[in-house]
Each structure stands twice: as structure tokens, then as C-alpha cells.
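Everything on this sheet refers to the single structure shown next.
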Amino acid sequence: MKDEFHNEPELRKILDSYEPEIPRKQLLQKRTKFDRFIRYLFSPAQNPLEKLPESKRLLTSYQVVPLGLAAFLTVIQTIYYFIQ
């Protein structure tokens, strides 16, 4: 690891004097099923569609396909309306 603070003596002194407190008692407590379920629900998740629109063509198709489907459904409803 690169030591970026080697040339800063005051900052290095402050960082060396810092000792974090680890709450060991809280870490050893057994979690309830409800706590585990809540942690599962609110844990960050990766977006599976994030990598898809990498090209302009794919992004354009994401914009055009819903418009085409809406137009198709409109035509179908219009034809159905006039047939009855």
C-alpha cells in the first residue's frame, strides 16, 4: 500500500494516535429472524439491467420498442372498436 501521508508529519501523528473502538458486545449478539430479514430487504443490490444499454443502438431500441408497442395496441383497439 502506498503511504501517501509520509510527508505530512502532523497528519501522520494524528492518524497514528487514533484508535477505533470496536463494539464487540454488539457484534456477538445473536440477530433475530426479523433483523436478518430486514437486513436482507434493505441490503444494496446490483442492477441487472445496468450493463445492457452500452451501445447507442440498444439504447435507441429501449426507447423505440415501447412506442411501437403502444402504437400497435392502439391500432388493435381501434380495429376492435369498429368491428363491434
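Computed over heavy atoms, backbone and side chain alike; hydrogens, waters and symmetry mates excluded.
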Using the test side chain to side chain contact (heavy atoms under 4.5 Å, CB included), find all partners of Ile22 that sit at least two apart in sequence or belong to another chain.
Arg24, Leu27
Is there a path of hydrophobic side-chain contacts, each under 4.5 Å between heavy atoms, that joins Leu73 and Val65?
no
Over 12 foreign heavy atoms within 6.0 Å of CD, Gln63:
yes
Excluding sequence neighbours, so at least two apart, what forms side chain to side chain contact (heavy atoms under 4.5 Å, CB included) with Ile14?
none
Any chance you could measure Leu69, atom CG, to Ile76, atom CD1, to the nearest 0.5 Å?
11.5 Å
First locate atom CZ of Phe72, then atom CD of Gln77, and finally report the distance between them rounded to the nearest 0.5 Å.
11.0 Å
Kindly indicate whether the side chain of Asp16, heavy atoms from C-beta on, has any atom under 4.5 Å from the side chain of Arg12.
yes
How long is the gap from CZ on Arg31 to CD on Gln29, to the nearest 0.5 Å?
7.0 Å
